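Below is one structure, written out as structure tokens; comments come after it.
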Amino acid sequence: MHEASIAAGILDAARDALRDHPAARLRRVRVRIGRLAGVVPECLSFAWEVMREGTMAEGAALAIDDVPVTARCRSCDHSYGVEDLDLACRRCGGLDVEMLTGRELTVVELELEEEAVQTGGTT
Amino acid sequence: MKIKVSRDILKANDLIAQDVRSMLDSARVFAVNLLGSPGAGKTTLLEATIRALKTDLRIAVVEGDVQTAIDGERVEKLGVPVVQINTLGGCHLSAPMVSDAIGEFDLTETDLLFIENVGNLVCTATFGLGEDMKVTLLSVPEGDDKVQKYPTIFANSRVLVITKTDLLPHMDFDVERVEREARALNPEIQIVRLSARTGEGVGDWIELLRAHVADS
């Protein structure tokens with residue numbers, strides 16, 4: 001359900017970035033969503049389709065990059081992927097660990113289509 | 001043309017959460033975001049906590065619910081200031097709602113603020129409210145598979161409170177499993193087991209909370 005709030009946040013980011021490109025049309029937004037960010041990609045895609053209607057993002061696609069969980073052990077400096085919700089160090093078993101990735105909720109790229117020629121028509 | 005950016009999707013929420021945090025910090029208020037499913041026992045634990053601490057600490061409460069002021073009225077009976085928020089369908093509190101609500105309190109007359117979130121293990125995990133710590137309740141009847149099923153909220157919480165432990169003899173709930181999985185996911189999480197009904201373990205929770213307030 002909160003994917004609608006996430007979609008609204010993506011729209012805000014796109015709107016701000018497009019201020020410098022008033023003549024452009026938004027073709028695609030790319031976001032990075034960590035596996036522990038608490039967002040379901042399918043729900044976000046659906047929310048995006050609903051929320052973009054009637055905005056400057058109408059028709060724009062949403063590309064979602066899934067970011068796996070990775071962690072680093074502070075004791076032995078080992079970095080590793082976490083597939084099973086168990087953060088313990090894969091090398092020394094230590095629990096003094098930090099999560100490196102997996103919480104991302106970030107807009108990383110906007111793909112624009114510049115209006116090729118001003119046609120002189122009114123909008 | 002592709003434009004590279006790096007912008008937090010929740011920027012609008014997080015900026016206001018930072019404002020809330022600065023307001024609370026400057027008034028020296030310790031804020032707890034209380035999370036858990038509907039029926040996990042958030043309001044009941046809050047009532048027990050207020051009874052235990054209200055002579056020592058000045059407490060205020062923001063109550064978040066989809067509808068009704070049932071919880072706000074329960075807490076108000078204990079003689080602490082309460083602001084009830086109704087999200088009218090919204091599945092979580094967001095920082096702007098909390099920012100508006102705490103404007104109703106005299107923060108200089110407050111030591112400890114509880115923000116009881118909407119009952120939900122999913123959406124509430126993602127939205128920071130400017131709190132000092134998230135405390136998630138998991139009640140025995142909900143089942144012992146919840147850390148696996150809803151990892152984000154347990155990964156983001158400072159404290160896990162396992163509630164309704166008086167029901168353990170009647171349920172197939174493996175407490176050790178929950179604690180093991182929560183610690184694997186979040187090695188720094190603190191865990192308390194309690195029953196607000198019998199009072200068992202409530203003292204441990206109060207001690208833990210006092211220690212956090214004192215450290216802040």
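Reckoned from all heavy atoms, side chains included, excluding hydrogens, waters and symmetry mates. Residue numbers start from 1 in every chain, and the chains themselves are labelled A, B, ... in the order their sequence lines are given, proteins ahead of strands. None of the values given here were measured: they were computed from a predicted structure.
The closest side-chain heavy-atom distance from A:L26 to A:R52 is not below 4.5 Å. Contact check for B:V62 versus B:E104: no side-chain heavy atoms found under the 4.5 Å cut-off. At a threshold of 4.5 Å between non-hydrogen side-chain atoms, the residues B:T87 and B:M97 count as touching.
For a residue to count as touching a neighbouring chain, one of its non-hydrogen atoms must lie under 4.5 Å from one of that chain's; by this rule A:R28 does not touch chain B. Neither the backbone nor the side chain of A:L11 has a heavy atom closer than 4.5 Å to any heavy atom of chain B. In this structure, the portion of A:V31 lying under 4.5 Å from any heavy atom of chain B is its side chain and not its backbone.
Of all residues spanning residues 9-42 of chain B, those with a heavy atom less than 4.5 Å away from chain A's heavy atoms are B:I9, B:L10, B:A12, arranged by number. Along residues 148-167 of chain B, the residues that come nearer than 4.5 angstrom to chain A, judged on non-hydrogen atoms, are B:Q148, B:P151, B:T152, B:A155, B:N156 in order of number.
Counting heavy-atom pairs under 4.5 Å between each of A:A37, A:A7, A:G34, A:A8 and chain B puts A:A37 at the top. Interface remark: of the candidates A:L85, A:D96, A:L95, A:L85 forms the most heavy-atom pairs closer than 4.5 Å to chain B. The candidate with the highest count of non-hydrogen atom pairs below 4.5 Å against chain B, out of A:R30, A:R103, A:R27, A:M99, is A:R103.
Between the side chain of A:E109 and the backbone N or O of B:K2, no donor-acceptor pair lies under 3.5 Å.
Ring geometry for B:H92 versus A:H2: interplanar angle over 60°, hence perpendicular rather than tilted (30 to 60°).
The minimum heavy-atom distance between B:Q84 and B:T68, with the atom names listed, is NE2-O, 3.4 Å. Here the closest heavy-atom approach between residue B:V122 and residue A:G38 is recorded as CG1-O, 4.4 Å. For the residue pair B:L129 and B:A95, the shortest heavy atom distance occurs at CD2-N, 3.6 Å. Across all their heavy atoms, A:I64 and A:S45 have their closest contact at CD1-OG, 3.6 Å. Minimum interatomic distance between A:R74 and A:E98 (heavy atoms only, all atoms of both residues): NH2-CB, 3.4 Å.
Using modelled atom types, one finds a donor on one side chain and an acceptor on the other under 3.5 Å when comparing B:T43 with B:D71.
Contact check on B:R183 versus B:E176 returns no salt bridge, with no Lys/Arg side-chain nitrogen under 4.0 Å from an Asp/Glu carboxylate oxygen.
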